[in-house]
Amino acid sequence: MLLNKPVPLYPPYVDLCDFDFDDYPELDKIFSSNEPWWLEQFNWGKIFLTYIGRNKSAHTYERFRNDVERFLLWSFIEKKKPIDQLRKSDLLEYADFCWQPPVDWIGTSNQERFKITNGYSAANELWFPYKIQAPKSLKADYVIDKKKYRPSQQTLSSMFTAIIVFYNYLMAEDFCIGNPAQIAKKDCRHFIIDSQVKEIKRLTASQWQYVLDTAVAMADENSMFERNLFVIAALKTLFLRISELSERPNWSPTMGHFWQDDDENWWLKVFGKSRKLRDITVPIDFLPFLERYRASRGLLGLPSSNENSILVEKVRGQGGMTSRHLRRLVQSVFDQAHENMRRSEGENKALKLKEASAHWLRHTGASMEIERGRPLKDISEDLGHASMATTDTVYVQSENKKRAESGKRRKVD
DNA sequence: AAGCATCAGCAAGACGATGC
DNA sequence: GCATCGTCTTGCTGATGCTT
């Protein structure tokens with residue numbers, strides 16, 4: 001069976017662990033009817049991904065699976081050469097391929113790799129190795145041109161990372177003798193040195209005012225939106241990441257995580273990125289929002305220590321919520337706020353509200369605090385950054401501000 | 001100090017399960 | 001019956017620690 005179009009090779013991690021060709025008749029056919037090195041290299045990918053899935057995070061598995069799969073498909077179908085025989089120039093060719101893949105390798109929607117049909121896993125016809133989508137702010141009547149697909153700098157760099165790590169693994173296992181990807185990365189012509197001034201992804205003070213007013217109005221009208229109001233107020237005022245409000249395998253946020261010290265200052269304990277626990281200062285202004293949301297759930301006053309009710313609760317069913325749905329709650333407020341602001345201030349001023357995502361609230365809150373002159377050190381701690389340098393480059397950009405200031409006074413004559 | 005390798009989190013569409 | 005919510009997906013962004 002000649003392979004002339006890309007097919008998915010690797011299932012999700014749990015399914016890869018007990019992978020058996022009997023369950024994947026199509027793959028079985030492909031590998032038994034092609035040159036033996038196809039199967040050998042499929043197996044290299046398989047043991048590498050198994051190792052990643054076992055020792056790294058689930059996300060890293062998915063990220064690396066994409067790229068190992070694309071790379072092998074390219075070597076099978078396009079290059080027709082085993083990966084242990086590839087050299088730097090071949091890898092540069094692969095980078096060109098990724099930069100502008102053929103249109104029949106590109107899809108326009110998220111799709112599962114495999115579908116179960118008649119008890120067997122079969123390739124999903126709608127799945128493609130590459131994907132192009134319309135940006136959410138331009139969703140309506142947007143025509144997708146697959147020829148316009150270009151990976152971002154991050155995507156390209158992630159591609160090299162995955163292939164480099166893959167080759168390193170193969171070298172350690174004595175399958176390969178060198179790492180052509182490592183050398184190719186330095187010569188890849190698609191990388192541009194980026195020292196641009198980056199726009200901070202935040203709302204202006206007036207856009208934020210619309211978001212807050214809209215959320216209050218929505219909650220006043222229908223108590224089901226009390227939850228939306230609480231979430232956006234918490235994300236903005238306490239600089240939270242969306243995940244820090246979500247139920248996760250090793251952490252469930254509860255009301256008891258709000259606590260008071262000896263001087264009656266309020267704090268919130270959160271479990272952040274890279275398994276770091278931190279306490280965030282809770283301003284007095286925020287307490288009414290907390291009380292209000294609690295009241296809508298029939299909880300009296302402010303949280304007592306060791307209170308173990310869920311922090312943000314589902315309206316149907318029991319327990320905390322995943323980040324996916326919390327993001328949708330934020331999005332629904334943004335959509336309404338955009339509509340309100342567009343009507344009274346015009347499309348131009350409201351535009352950013354269409355692009356905004358939940359994470360912008362963290363940026364908006366921190367940026368507004370910096371403008372009010374709160375010490376950078378304190379904000380950095382509340383954000384949970386390990387170093388103030390991160391806070392400065394992401395939120396303040398003091399170097400750029402100085403440069404803009406000194407450049408502003410140049411004369412033409 | 002800058003750059004790189006590593007890897008974790010976030011965004012948002014698709015789709016199906018679930019609770020009321 | 002249907003809105004709510006979780007899971008899977010790819011693409012994007014942020015953070016950390018090591019090397020140079």
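Predicted, not measured: the structure shown is a model, and the values here were computed from it. Chain identifiers are assigned alphabetically (A, B, ...) following the order of the sequence lines, protein sequences preceding nucleic acid strands; residue numbering begins at 1 within each chain.
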> Could you give the CZ-to-C1' distance, from A:F160 to B:dT6, as a whole number of Å?
Replying inline: 17 Å
> Considering the options A:W74, A:F160, A:W99, which one meets the ring pair (Phe, Tyr, Trp, His ring centres under 6.0 Å) requirement together with A:Y94?
Replying inline: A:W74
>> Pairing donors with acceptors under 3.5 angstrom, does anything connect the side chains of A:D335 and A:Q331?
In response: yes
> Taking five pairs at each end of the helix from B:dA1-C:dT20 to B:dC20-C:dG1, what angle separates the two helix axes (nearest 10°)?
Replying inline: 30°
> Under 6.0 Å between the ring centres of A:F42 and A:F21?
Replying inline: yes
> Side chains of A:D84 and A:W37: is there a donor and an acceptor less than 3.5 Å apart?
Replying inline: no
> Taking the nucleotide of DNA chain B with the closest heavy atom to each, which residue, A:I242 or A:N168, is nearer the 5' end?
Replying inline: A:N168
> With A:N43, which residues qualify under side chain to side chain donor-acceptor pair (under 3.5 Å), at least two apart?
Replying inline: none
When the side chains of residues 213-220 of chain A are checked against the rest of the protein, which donor-acceptor pairs come out under 3.5 Å, sequence neighbours left out?
unit_1	atom_1	unit_2	atom_2	d
A:D213	OD1	A:Q209	NE2	3.2
A:T214	OG1	A:Y210	O	2.6
A:T214	OG1	A:N340	ND2	3.2
A:D220	OD1	A:R292	NH2	2.7

>> Rounded to whole Å, please give me the gap between CG in A:L383 and P in B:dG9.
In response: 17 Å
>> I'd like to know whether A:S332 forms a side-chain hydrogen bond (donor to acceptor under 3.5 Å, both in side chains) with A:N228, so could you lay out the CA-CA distance, the side-chain angles of the two residues, the decisive distance to 0.1 Å, and finally the verdict.
In response: CA-CA 8 Å; A:S332 67; A:N228 303 51; 3.2 Å; yes
>> Closest-nucleotide mapping onto DNA chain C: is A:Y130 or A:R241 further toward the 5' terminus? I mean the 5' end.
In response: A:Y130
>> If I take atom CG in residue A:D335 and atom P in nucleotide B:dA12, what distance separates them, rounded to the nearest angstrom?
In response: 10 Å
> Is it true that A:F166 and A:F64 have ring centroids separated by less than 6.0 Å?
Replying inline: no
> With the sugar-phosphate defined as primed atoms, P, OP1 and OP2, and the base as all remaining atoms, what B/S/- string results for nucleotides 3-9 of chain C, 5' to 3', for protein heavy atoms under 4.0 Å?
Replying inline: BSBBB-B
>> Measure CG/A:D67 against C1'/B:dT6 and give the value in whole Å, please.
In response: 14 Å
>> Whole angstroms only, please: what is the CD-P distance between A:E244 and B:dG9?
In response: 10 Å
For nucleotides 18-20 of chain C, which of its nitrogen or oxygen atoms have a protein nitrogen or oxygen under 3.5 Å away, and what is each distance?
none

>> Please report whether the ring centroid of A:Y24 lies less than 6.0 Å from that of A:F19.
In response: yes
>> Whole angstroms only, please: what is the CZ-C1' distance between A:R278 and C:dA15?
In response: 13 Å
>> With salt bridge (charged side-chain N to carboxylate O under 4.0 Å, His left out) as the rule and sequence neighbours excluded, what pairs involving residues 382-391 of chain A come up?
In response: A:R374-A:D382
>> For A:W105 and A:F97, I'd like to know if the aromatic rings sit close, meaning centre-to-centre distance below 6.0 Å.
In response: yes
>> Rounded to whole Å, how long is the line connecting atom CZ of A:R202 with atom C1' of B:dC10?
In response: 20 Å
>> Does a side-chain N or O of A:S243 approach OP1 or OP2 of B:dG9 to a distance below 4.0 Å, or not?
In response: no
> Separation of A:I163 atom CD1 from B:dA5 atom C1', in whole Å?
Replying inline: 15 Å
